[in-house]
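The block underneath contains the structure these notes are about, expressed in structure tokens.
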Amino acid sequence: AVIAAWTLTAALASTPNLVYSLPPPRMRTYPVSGQRFEDLLEACRTLGPPDSDGRRFPGLTRYSYRTQYRYDYKVEDGLAIIRLTELSVDWSHEITLPTLAPGMRLPAREASRWKQFLDQLQSHEEGHVGISSDPRLKEHVEAIAHRNRVLYKPVGPSGTLTPEAIQEVIDQALQPAIQRLSTQISRRNREFDAATEHGLKPEGFDRERFFAELWDGL
């Protein structure tokens, strides 16, 4: 009878509410100077933002996410039945791009080359944001929450469970799957940079196909 009750609890548990926060990326700039496009490009390579390995690039996109849970639970015959009621995922993106130093005026030809470069670089960095902002990623997170909507943990003779213990149960269930998504995002970002030389040479890159296959292999 107890086993039947647990099974019914799992079967009837509703899908957890997903709170998915994805605000627009924050934009940052750094100044560069020069009268020729080549000088500006060299300044970007020297002064551009560093990645986690200390390598500098003309443009850089940083992202992070935070997960939080809400739940309820009950204890039956020494077993805690934990029902995940809400999964919250909060995203943050930041794009850093170069800008001309105050007072800089370029000759018309160099200004045109600079604008073309900036537009191309910004499009590339927005592509990085597009990887971790892809709507199919949200669907994967929803599926993770649904698969783990009911969890179980044996409890001791006291029949009590601390919030920290419950958090550990939920983390052990959800975090490996969420980490696989995070690993895929990192992999795709590296592939995106390799295929376009960090946005400097987008020619020949099949962007539509790349994003269509974004989550293949998960």
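We're numbering straight along the sequence, starting at 1.
In this structure the side chain of E142 never reaches within 4.5 angstrom of the side chain of T15, judged on heavy atoms. Here the side chains of T96 and R62 are in contact, with some heavy-atom distance below 4.5 Å. In this structure, the side chains of V141 and I178 stay at 4.5 Å or more apart for every pair of heavy atoms. Proximity of Y65 to S182: side-chain heavy atoms (C-beta onward) are separated by under 4.5 Å at one or more points. You'll find the side chain of F57 stays beyond 4.5 Å of the side chain of L200, heavy atoms only. H93 is listed as a side-chain neighbour of L22, based on a closest heavy-atom distance under 4.5 Å. Side-chain contact between L174 and T67 is absent, with no heavy-atom pair separated by less than 4.5 Å. A heavy-atom distance below 4.5 Å is not found between the side chains of V169 and L161.
Rounded to the nearest 0.5 Å, atoms CG (D134) and NZ (K138) are 12.5 Å apart. Taking OG of S52 as the start and CG of L60 as the end, the distance is 9.0 Å to the nearest 0.5 Å. The distance from atom CZ of R180 to atom CD of Q175, rounded to the nearest 0.5 Å, is 11.0 Å. One distance of note links CG of L106 with CZ of F37; it measures 10.5 Å at 0.5 Å rounding. Distance check, rounded to the nearest 0.5 Å: CZ of R147 to CZ of R149 gives 11.0 Å. The OH atom of Y152 sits 10.5 Å away from atom CD1 of I82, with the distance rounded to the nearest 0.5 Å.
Note: the hydrophobic cluster containing Y63 does not contain V129 (ILVMFWY, side chain heavy atoms under 4.5 Å, direct or indirect links). One hydrophobic cluster, built from ILVMFWY side chains closer than 4.5 Å, holds both L40 and L47. Using a 4.5 Å cut-off between side-chain heavy atoms of Ile, Leu, Val, Met, Phe, Trp and Tyr, with links allowed through other members, V150 and V155 fall into different hydrophobic clusters. Cluster membership for I81 and Y69, using ILVMFWY side-chain heavy atoms within less than 4.5 angstrom, is not shared.
Ring geometry, F211 versus F192: the interplanar angle exceeds 60°, so the pair is classed perpendicular (tilted spans 30 to 60°). Between H124 and H128, the ring planes lie perpendicular to each other; the angle is over 60°, past the 30° to 60° tilted range.
Open room surrounds CD on Q116; 12 or fewer heavy atoms of other groups in view lie less than 6.0 Å from it.
P154 and L79 get closest at one heavy-atom pair: N-CD1, 3.6 Å. Contact between L84 and A145 at its shortest, heavy atoms only, is CD2-O, 4.1 Å. In terms of heavy atoms, R56 sits closest to R45 at CB-O, 3.7 Å. A pairwise comparison of heavy atoms in P176 and D171 identifies CD-O, 3.6 Å as the closest pair. Nearest approach of P58 to P49, heavy atoms of both residues: O-CD, 4.0 Å. Closest of all the heavy-atom pairs between V32 and W114 is CG2-CH2, 3.8 Å.
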Practice task
Dump the intermediate steps for side-chain contact (heavy atoms from CB on, under 4.5 Å) on V19 and Q68, then the final yes or no.
Solution key: CA-CA 9 Å; V19 179; Q68 293 179 297; over 6 Å; no

Handout entry: side-chain contact (heavy atoms from CB on, under 4.5 Å) assessment of L97 paired with L121
Key = CA-CA 8 Å; L97 295 170; L121 186 60; 3.8 Å; yes

Problem - Audit row: E38, E110, side-chain contact (heavy atoms from CB on, under 4.5 Å) steps and yes/no - result: CA-CA 9 Å; E38 287 78 10; E110 302 305 309; 4.3 Å; yes

Handout entry: From CA spacing to verdict: side-chain contact (heavy atoms from CB on, under 4.5 Å), W215, L137
Key = CA-CA 8 Å; W215 307 109; L137 178 59; 3.7 Å; yes

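A salt bridge is absent between R188 and E213; no separation between the charged side-chain nitrogens and carboxylate oxygens falls under 4.0 Å. Salt bridge absent: E139 and R136 never bring a charged side-chain N and a carboxylate O closer than 4.0 Å.
Looking only at distances, a side-chain donor or acceptor of Q184 sits under 3.5 Å from a matching main-chain atom of L214. A donor-acceptor pair is defined here as one N or O able to donate and one able to accept, closer than 3.5 Å; such a pair exists between the side chain of D51 and the backbone of D53. Looking only at distances, a side-chain donor or acceptor of T183 sits under 3.5 Å from a matching main-chain atom of Q179. For the pair E125 (side chain) and T61 (backbone), a donor-acceptor distance under 3.5 Å is present.
A side-chain donor from one of R26 and S92 sits under 3.5 Å from a side-chain acceptor of the other.
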